[in-house]
Amino acid sequence: MIFKKIFSCNPMNSAIAHARVNLIGEHTDYTGGYVMPSLLPYSTKITIAENKEDNNHCAYSDFFNEKISFNNLTKSTSNDWLDFIKGCLLIFFKEKSNIRKTYFNFLIESNIPIGRGISSSSALCVATLKALNEYFETNYDKKYIAILAQKVERDYIGVSGGIMDQMVSSIGIQGKAFFLNCLSLKYELFDIPKDWIFYLVDSKVQRNLRESAYNERFDQLQKSEKILGVKNLGTVKLSFLKKDNFKDSTIYKRALHVVTENQRVLDAKKYLINNNIKKFGELMNLSHTSYSNDFEASTEDVDQIVNHSLKSGASGCRLTGGGFGGFTVSLIQKKDYDHWYNNMRKFYSEEKFFKV
Ligand code: GLA
């Protein structure tokens, strides 16, 4: 037993949370719009037990092969993996101030590729909070766990993200599309038709740019809400978005992406239900064009993968996640898969491909 070997005590509770791929609906969640992600077969498992030896928490990450003891919950300056555990503890104890102060051992086992826009951090937070929820028998439901996980990332880590990743990681089911209204947090789960395949292809990641560019887009969309006099851009229809109202054409373009993207998510849901792969794929392509041209969140490497994928027979392809590199997601009909894969392999090595 790996837990016992590392911590010399028996494990008590554990929880698993998956990474996600967003099928359509990018940068719409924090504007109160719609998204449609799905879970990936990559996950993080957290196993915990009370540490009765001393007044310290201790965490071991199998991915980083690091074991660290800590007893203060202050964030480091580098946003490393331990900060997410510390943040979960802090937010959990804040939320439930009457629980007994407890020190824990944490084992983190994960096979999620890190820093590629498939939300390894949300999976880590959701799994940690679920394990604490079990230990303390606090009975928070999955939606509430997602809200707490978002608090960890926003209030503790300090990144301005939406609620998509945490919601799907906490509530989603593999093999199903998770349609979410990010304002009401109402969701629906839809089967992905059996003859559809989604595939990820990894691109180069512009890591440094990612966080700052994400925050810049976040601010630009907030500005557009001010200009339009609305609380949530996600509720705005295209007819209400007049170019003349915007002095700054960049802000207009960012808002245009979000407003059209929301409509695409609503349409995509319709085509998914009707098993219309052609139309769903077309929406993914339109989504990518808008993400690349109006939101300017793509890269040359990504655009090249999208072109190759479509030429190789994918029904649709787009950049998924926060932008500026990471994974593309391709929609392929089962009968076209062999041709698509063999052709794509002429350009990309085997380890770049990840099946959904
Ligand atoms: C990141 C954020 C999400 C969402 C996406 C873009 O993954 O964590 O909340 O905003 O980017 O759609």
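Keep in mind the model is a prediction, meaning the values are calculated, not measured. Atoms within each ligand, like the ligands themselves, are counted from 1 in listed order. Hydrogens, waters and symmetry mates play no part in the numbers below; they use all other heavy atoms, side chains included.
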Student: Against heavy atoms of M164, which atoms of ligand 1 measure under 4.0 Å?
Tutor: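 That gives atoms 4 (C), 5 (C), 12 (O) of ligand 1.
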
Student: Do you see a donor-acceptor pair shorter than 3.5 Å between the side chains of Y291 and E261?
Tutor: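 No - no donor-acceptor pair under 3.5 Å links their side chains.
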
Student: Do Y30 and ligand 1 have an N or O pair less than 3.5 Å apart?
Tutor: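 N/O-N/O distance below 3.5 Å does not exist for this pair.
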
Student: When you measure from atom 10 (O) of ligand 1 to every protein heavy atom, which one gives the shortest distance, and what is it?
Tutor: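 Nearest protein contact, heavy atoms only, for atom 10 (O) of ligand 1 is Y214 OH, 2.5 Å.
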
Student: Check each atom of ligand 1 against the heavy atoms of G162 and keep those under 4.0 Å away; list them by number with element.
Tutor: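 In order of number, 9 (O).
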
Student: Would you mind checking if E282 and K278 are paired as a salt bridge, meaning a charged N to carboxylate O distance below 4.0 Å?
Tutor: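 Between E282 and K278 there is a salt bridge, with a charged N closer than 4.0 Å to a carboxylate O.
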
Student: Determine the minimum heavy-atom distance between R116 and P113, stating which atoms define it.
Tutor: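 Nearest heavy atoms, R116 then P113: NH1-CB, 3.3 Å.
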
Student: I need the nearest protein heavy-atom contact for atom 8 (O) of ligand 1: residue, atom name and distance, please.
Tutor: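 For atom 8 (O) of ligand 1, the nearest protein heavy atom is D165 OD2, 2.7 Å.
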
Student: Is the shortest side-chain N to carboxylate O distance from R100 to E50 below 4.0 Å?
Tutor: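 Yes, R100 and E50 are salt-bridged.
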
Student: Which bit of R217 is near ligand 1, meaning a heavy atom under 4.0 Å away: side chain, backbone, both or neither?
Tutor: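 For R217, no heavy atom sits under 4.0 Å from ligand 1.
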
Student: Write out all pairs satisfying salt bridge (Lys or Arg N to Asp or Glu O under 4.0 Å) with one or both partners inside residues 159-174, taking only residues at least two apart or from two chains.
Tutor: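 Sorted result for residues 159-174: R20-D165.
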
Student: Atom 9 (O) of ligand 1: which protein heavy atom is closest, and how many Å away?
Tutor: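 Going atom by atom, the protein heavy atom closest to atom 9 (O) of ligand 1 ends up being D29 OD2, 2.5 Å.
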
Student: Do you know the tightest heavy-atom contact between I118 and A19?
Tutor: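 Smallest interatomic distance, heavy atoms only, reads O-CB, 3.3 Å.
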
Student: Within ligand 1, which atoms have a heavy atom of R20 less than 4.0 Å away?
Tutor: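 So the atoms of ligand 1 that pass are 7 (O).
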
Student: Check the hydrophobic clustering (I, L, V, M, F, W, Y; side-chain heavy atoms under 4.5 Å; chains of links allowed) and say if I108 and I112 are grouped together.
Tutor: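 Different hydrophobic clusters.
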
Student: Heavy-atom contacts with E26 under 4.0 Å: which atoms of ligand 1 show up? List them by number with element.
Tutor: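 Here the atoms of ligand 1 in question are 6 (C), 12 (O).
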
Student: Go through ligand 1 atom by atom and flag the ones less than 4.0 Å from a non-hydrogen atom of G322.
Tutor: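 Answer for ligand 1: 6 (C), 11 (O).
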
Student: If you measure every N or O of Y291 against every N or O of ligand 1, does any of those distances drop under 3.5 Å?
Tutor: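 No - when backbone and side-chain N and O of Y291 are compared with those of ligand 1, no distance drops under 3.5 Å.
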
Student: Please work out whether the ring planes of F353 and Y199 are parallel, tilted or perpendicular, with thresholds of 30° and 60°.
Tutor: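 Geometry flag for Y199 against F353: perpendicular rings.
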
